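Below: one structure, written as structure tokens.
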Protein chains: 2
Amino acid sequence: MTGLRERKKQRTRDSLIRAAHELFVEQGYEATTVDEIVAAVDVSQRTFFRYFASKEEVAFALQTLVSERYLEAVRRRPPGGSPVQVLRSTLDETWESIGEAIEEIVPLPLHMQMWQIIETTPSLVAVHLRHSMEMEERLAAEIARREGVDLEGDPRPRVLVAAFSGVMRAASRCWGSGGDTTVRAARQKVETYVDQLGPALGQDWGTPGAHTSGAGAHSQLPSASTPRTPPETAPSN
Amino acid sequence: MTGLRERKKQRTRDSLIRAAHELFVEQGYEATTVDEIVAAVDVSQRTFFRYFASKEEVAFALQTLVSERYLEAVRRRPPGGSPVQVLRSTLDETWESIGEAIEEIVPLPLHMQMWQIIETTPSLVAVHLRHSMEMEERLAAEIARREGVDLEGDPRPRVLVAAFSGVMRAASRCWGSGGDTTVRAARQKVETYVDQLGPALGQDWGTPGAHTSGAGAHSQLPSASTPRTPPETAPSN
DNA sequence: GAGGTTAGTGACAGTCGCTGACAATTGACA
DNA sequence: TGTCAATTGTCAGCGACTGTCACTAACCTC
């Protein structure tokens, strides 16, 4: 069904992604020039920039794929469950199938290494965060839709998604700086963090150093039903 | 106490910041070249890059000042109150004095316009988010210190700060896209949003469209003590 | 299957952000 | 006033990115 032209395009695109990933992982993002990438695939520099708007974009080709799939999965999810639960279960649900989609372009370990490169390259960190934010906006819109609330009048969709995404990022950052870079470890870390969201917002953490003085200043958040969750000594990196 | 040399440096730096801000606001960030900025101040391009590592950096000179002051204020805050309260009250406490510090370099309205430029320029959004993240890390460390918990073993400091910052960003984005660009409006928006953090994490938002089915999938967050907060029709932009 | 159409590519020139190296200038201090 | 050190200007160059135009190759039609 796809013409020769179409397939050829797909092939060059994938080749560029793969070559770029290998070079980035091997010698770093900044140290790799676009000329080197195109030399590896044997196309002109101009062609590269027809496929990717910037050198950054090729670095995020797979991350984009992941986000897109996750959002799709949230959209497809049948109604029911609290918003937080929806976000979280969809995570569980999609983890594997997304991995398979990536494997069709680059080996998973390479993708994981690229993830680390992103997390340790300031300019890429910046772009990554912007992508996350754009995703947040779309997620918030979806949550608002499925809960039947007004995205503009009611802050809760954006607030929830902002908090959730923030926690997710914190988790993956923590994972990235750790030793175990397997998919399994990443998954575990994210789950641990998300589950701490409730306890962390509690009034008092009930640990040495916390001065449980009386009423504080301004608005107090509603205290969680499990007010003092001991650290549980979450597996550090 | 400051020598002539020192004062001269400070003056060029401030001039560069001011000229850059004016040009950015006038014709956009991307459309403004570094050559134009240095022409306005009449220094060489090389000098510009000795003061600022990049064109982006001059755009964030004031944001950096703000962050630095806020963090300082948190550090100085006496013990007591829950972590969330500390973050929030410090906000109230510092708002004004920071405004005054900015006025010494550029007029406040110009700074506000620059803020809008940042929020609407993709590459600047990216950098801004990275700065926020770096600030998160420092804030988390500070919270961990004052609560006497271990930043590595206990996820709560990072989780709390991540959630808090995420909400702050959502608020200021919302403010930036609205009509009222005064400092007062910004402050109000941030406060509204922060106060919604608790309710948004509740089990069920209790509004049409929310299907209050039984037990959902995985971990359930502790339900907030005010489980269903009606939207309150927060003032939209 | 020849011939026209269109999409995709390569080559080239040019802009802009940014850096290294070295020379010129200027404030600091004896 | 002369010496030293900090700041600045000049110039040459790299790398990311873009516009333009000619060229090739897949597609479509007759």
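In what follows, chains carry the letters A, B, and so on, assigned in the order in which the sequence lines appear, proteins first and then strands, with residues in each chain numbered from 1. Just so you know, these numbers come straight off a predicted model, no measurement behind them.
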Closest nucleotide of DNA chain C for A:Y51 versus for B:V34: which of these residues is on the 5' side?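 Between the two, 5'-proximity favours A:Y51.
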What is the 5' to 3' range of DNA chain C, first to last nucleotide, that sits under 4.0 Å from any heavy atom of chain A?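 For DNA chain C, the relevant span reads C:dT6 to C:dA11.
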Rounding to an integer number of Å, can you tell me how far [X] [atom1] sits from [N] [atom2]?
X	N	atom1	atom2	answer
B:F48	D:dT7	CZ	C1'	17 Å
B:Q45	D:dA12	CD	P	15 Å
B:D42	D:dT7	CG	C1'	15 Å
B:Q10	D:dT8	CD	C1'	17 Å
B:R11	D:dT8	CZ	C1'	15 Å
B:E30	D:dT18	CD	C1'	14 Å
A:Y29	D:dG15	OH	C1'	11 Å
A:E57	D:dA16	CD	C1'	14 Å

For a quick check of understanding: with a heavy-atom distance under 4.0 Å over all strands, which category does A:S123 fall into, base, sugar-phosphate or nothing?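 Nothing: the residue A:S123, judged by heavy atoms under 4.0 Å, touches no strand.
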Between A:Y51 and A:T12, do the side chains contain a donor N or O and an acceptor N or O under 3.5 Å apart?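 Yes, because at least one side-chain N or O of A:T12 sits under 3.5 Å from a partner of the opposite role on A:Y51.
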Test item: side-chain donor near acceptor, B:T47 and B:S44, under 3.5 Å: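 There is such a pair between these side chains.
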Report, as yes or no, whether the 6.0 Å neighbourhood of atom [atom1] on [X] holds more than 12 heavy atoms from other residues, nucleotides or ligands.
X	atom1	answer
B:E103	CD	yes
A:Q116	CD	yes
A:R187	CZ	yes

Salt bridge or not for B:E136 and B:R158, using N-O below 4.0 Å?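 So B:E136 does not pair with B:R158 through a salt bridge.
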Annotated protein contacts, base or backbone, on nucleotides 19-30 of chain D with a non-hydrogen cut-off under 4.0 Å, one of B, S, - each: BB----BBS---
Output all residues satisfying salt bridge (Lys or Arg N to Asp or Glu O under 4.0 Å) with A:R75, sequence neighbours left out; order by chain, then residue number.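 If we apply the salt bridge (Lys or Arg N to Asp or Glu O under 4.0 Å) test to A:R75, skipping adjacent residues, the hits are A:E72, A:E142.
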Carefully, step by step, assess B:D180 and B:T182 under the rule side-chain hydrogen bond (donor to acceptor under 3.5 Å, both in side chains). CA-CA 6 Å; B:D180 190 352; B:T182 60; 2.9 Å; yes
So does A:K55 get a side-chain nitrogen or oxygen closer than 4.0 Å to the phosphate oxygens (OP1/OP2) of D:dC17?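 So the side-chain polar atoms of A:K55 never come under 4.0 Å of the phosphate oxygens OP1 or OP2 of D:dC17.
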Pi-cation contact, B:Y29 with B:K55 (under 6.0 Å, within 45°):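 Yes; both conditions hold, so B:K55 lies above the ring face of B:Y29.
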